[in-house]
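Heads up, the thing below is written out as structure tokens.
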Amino acid sequence: MSIDLSQFHQVFFEESFEGLDAMESNLLELECETVDSEVINTIFRAAHSIKGGSGTFGFTEIAEFTHILETLLDEIREGSRNLTVDMVDLFLQSVDCLREMMQQIQDGTEVEKDTPKELAQAFEKYLNSENSENNVSDSSGTRVGDASSTVGSEAEARTEAGDTNGAGVVVAPGGRRWEIKFRPNVDMLRTGNEPARMFRELDSLGHYHCKVDTSQLSKFSALEPESSFLAWNISLSGDVSREQIEEVFEWVADDCELLIEEIQSEEAGIVAVDESKVDELKIDELKIDERKVESNESKVAEIGATEARSAETNVTDAAESDDPDTKQEAIKAKKESGKAKENSSIRVGTEKIDSLVNLVGELVITQSMLSQIGEDFTVEDLSRLKEGLGQLEHNTRDLQESVLRIRMLPINFTFSRFPRLIRDLSRQLDKKVELKIIGEETELDKTVMEKIGDPIVHLVRNSMDHGLESPEVRLAAGKDETGLLTLSAYHQGGNIVIQVKDDGAGLNKERILQKAVENGLVGEKETLSAEQINDLVFRPGFSTASEITDVSGRGVGMDVVRRNIQELNGTVEVVSEEGKGCVFTIRLPLTLAILDGQLIRVGDCTYILPLVSIIESLQVEPELVSHVAGGCEVLSLRDEYIPIVNLWDTFKVEPDSKSIEDSILIVLESENHKVGLVVDELMAQQQVVIKSMETNYERVGGVSGATILGDGRVSLILDIVGIVKMAGTQASERGKVLDFPSKHKAA
Amino acid sequence: MTKILAVDDSTSMRQMVTFTLKGAGYDVIEAADGQEAFDKAKGDQVDLVLSDVNMPVMDGITLIKSLRGLDSYKFTPMLMLTTESAGDKKMEGKAAGATGWIVKPFNPDQLLSTIKKVLG
């Protein structure tokens with residue numbers, strides 16, 4: 001039976017990447033002085049699984065590399081070697097390297113050889129150095145054992161190949177005769193080893209004859225059925241080598257007395273003996289060779305062992321198929337599986353699927369109920385119909401939520417890369433930083449997750465570089481020398497809120513303002529609120545870093561961060577307290593596919609506003625509206641002046657009334673600024689499925705997408721920032737100035 | 001139908017083993033660690049146990065030792081899937097009551113031929 005192993009590759013890659021993640025996070029925990037055995041065991045296990053799997057699925061490069069890594073890990077685990085920070089570094093680099101190799105194999109591209117080679121040499125150095133003082137016997141002992149067992153498994157592989165191909169086994173011409181004395185220990189049966197199995201195997205090797213030796217059999221009264229008192233004298237003839245016989249008894253070698261002797265036959269005898277000796281000799285030589293080389297020049301030894309191992313794999317490969325074409329096919333298969341990967345998969349807990357199946361079941365029941373009502377419908381059935389429709393609505397919503405939940409993953413997928421980043425950065429910047437992660441179980445849509453990673457990385461880098469101070473500065477300021485960086489995530493309404501918080505120096509307002517004036521972003525005489533000053537850091541080309549570092553770049557970051565987040569329909573804002581630190585808060589919708597919308601009407605047109613951006617809606621008293629310089633209207637609402645945008649004017653539609661007192665004003669917040677939108681009517685609130693304008697038509701100003709309403713009409717989803725910009729442009733064309741943002745406190 | 005308990009914390013390995021065995025007509029019960037395997041084996045008598053050694057929660061050697069302690073598993077063949085080349089894991093396993101071992105990496109054919117030998 002031949003099985004196509006490539007069907008398991010995808011799962012292998014997934015679990016290996018998970019294993020590497022686990023190795024990384026556990027390695028980061030290892031930094032403390034005392035080595036936690038549970039932690040090191042977890043790391044070892046992950047490496048071990050990757051080695052086992054990659055060997056089985058034919059990824060020799062990975063298997064070989066993991067083997068060296070595992071050897072050092074094993075020594076640390078056994079306590080025969082002390083873990084150093086440099087070793088942790090090396091392990092971390094190896095994790096990166098393995099990840100890279102794995103990705104390359106998955107993509108079907110050439111696997112890079114230099115990095116693993118360099119790292120392997122670094123491991124070799126550890127394995128050979130220092131150790132010579134303390135643990136010579138220990139390490140060389142294991143390694144020799146290692147080498148010989150490699151030889152052993154090569155022999156096994158050969159025999160296996162021999163079974164199918166009839167090649168590779170040294171067989172004496174004319175057959176050989178063997179006498180085997182086999183006396184199991186009393187309790188051999190208790191390991192599940194049946195002598196019958198061995199006889200069956202011997203039978204399959206050649207012609208055999210067996211005599212039972214009952215001399216040790218005790219009296220019937222003293223007979224224990226679970227013990228073995230029998231012995232056997234077996235004679236076997238055929239094209240059988242000593243190894244084949246030994247293999248039959250391999251598992252019980254320590255549980256029995258076993259004597260295998262070759263009976264010399266007149267003609268073939270001498271040749272046979274010679275060959276069997278030569279055979280043994282070869283193995284012995286190899287053992288000795290390895291041992292010699294090992295003690296002399298370890299690098300060479302490793303290459304030898306590697307060759308032995310790769311030879312072994314070659315044999316196994318050859319057993320599966322024959323040469324060059326297979327390689328080509330394998331590469332092709334790999335490439336194909338690489339392509340399949342691009343469709344990307346998602347792991348879903350069974351409970352999520354179960355709830356989905358359950359809901360579909362309910363939906364089917366509702367549907368059959370409705371069709372029953374519909375069969376011979378009378379007016380009396382109306383209430384039942386309504387009830388049924390209500391249930392249908394309920395089912396649909398539940399189903400929708402469940403389906404969306406399938407795409408939700410814990411944000412830990414993104415957060416998990418930060419411990420490593422913080423570790424590397426703090427070493428690079430010479431700062432002491434503790435990372436605290438809160439709410440890593442908070443779930444988020446997979447697409448949003450993939451896109452939010454980079455912006456968060458940027459914010460974290462920024463906090464590490466500019467926010468947190470060096471230990472000396474912190475001590476001088478009376479703070480703990482270790483800075484605290486907190487990453488947190490939680491749900492709020494239909495949003496996920498992600499915060500990057502540090503207890504560093506905070507934003508330097510004077511410097512920001514000075515810089516903004518220099519760059520012409522702010523007029524010299526303008527007075528800005530603290531929030532507005534902080535907000536300046538998100539402007540393009542803005543950086544207050546006194547010197548540019550390679551950690552957080554040249555200030556081309558924060559505006560990109562904001563833009564990326566806005567593309568996800570999210571917002572980002574910063575709150576800072578000088579000397580105490582600052583908090584960046586990102587707010588994102590849980591999913592990009594569905595929006596909680598507020599339907600509004602202007603004239604004949606129905607639009608949709610994202611519900612999250614609505615603060616309040618009110619009917620305006622005309623005396624609260626004032627006309628400011630430039631002819632723009634602002635509303636005095638409590639302590640603030642809010643610019644007013646007439647949607648009918650912006651979109652050029654005919655409203656019910658152009659007078660503000662007959663309309664409704666919706667106060668919206670976007671990017672930390674408020675704006676009042678004048679509409680004719682507030683309609684229902686409902687969830688809408690977002691259809692992209694770009695995909696279906698083209699980008700339209702002031703509109704972020706479209707949806708199809710219950711009555712089949714298309715409705716546009718408004719982009720508040722875009723509308724304000726449009727209104728501003730239109731106003732300035734008319735000679736008005738609508739400065740947005742402009743939120744001056746009322747005097 | 002002959003029932004085999006396949007224990008491995010690596011999903012890909014477990015899937016490969018299960019697929020191979022099922023294809024050969026065996027009934028397969030899967031478990032991801034020793035504890036899960038032990039619980040399943042107690043509830044459902046199997047004819048052969050095939051277990052990885054290095055696993056979280058309960059390792060393969062402890063599993064074999066625990067199962068051997070049960071009356072119903074006194075003579076059941078139990079094989080270890082091991083990459084331990086040093087050999088001491090094999091001996092440790094034997095001492096715990098393992099019947100034998102299959103050395104990783106192995107291919108499906110090697111796996112099947114060993115299983116067939118053991119089950120007869």
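Chain letters run A, B, ... following the sequence lines, proteins first and then strands; every chain starts at 1. Any value given below was found using the heavy atoms of this structure, including those in side chains, with hydrogens, waters and symmetry copies removed.
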Handout entry: Region of Asp187(A) in contact with chain B, defined by heavy-atom distances below 4.5 Å
Key = neither
Practice task
List for me each residue that meets ring-ring contact (aromatic ring centres under 6.0 Å, His included) alongside Phe12(A), sequence neighbours excluded, and say none if there are none.
Solution key: Phe57(A), Phe59(A)
Practice task
Answer yes or no: are there more than 12 heavy-atom neighbours, outside Lys40(B) itself, under 6.0 Å from its atom NZ?
Solution key: yes
Exercise for the section: Give a yes or no on whether a salt bridge exists between Asp52(B) and Arg14(B), defined as a side-chain N under 4.0 angstrom from a carboxylate O. Expected result: no
Exercise for the section: Please look at Thr76(B) and chain A and tell me whether the side chain, the backbone, both or neither of the residue comes under 4.5 angstrom of a heavy atom of that chain. Expected result: backbone
Fill in the blank from the handout: Answer key: most heavy-atom pairs under 4.5 Å with chain A among Met78(B), Arg68(B), Met55(B) is Arg68(B)
Exercise for the section: Let me know if Leu79(B) has heavy atoms under 4.5 Å from chain A in its side chain, its backbone, both or neither. Expected result: side chain
Completion exercise
By ring-ring contact (aromatic ring centres under 6.0 Å, His included), Phe199(A) pairs with (sequence neighbours left out) Trp232(A)
Completion exercise
So, the part of Gln7(A) with a heavy atom under 4.5 Å from chain B: the answer is side chain
Handout entry: Region of Ile64(B) that comes under 4.5 Å of a non-hydrogen atom in chain A
Key = neither
Handout entry: Contact check, side chains of Phe38(B) and Leu70(B), non-hydrogen atoms, under 4.5 Å
Key = yes
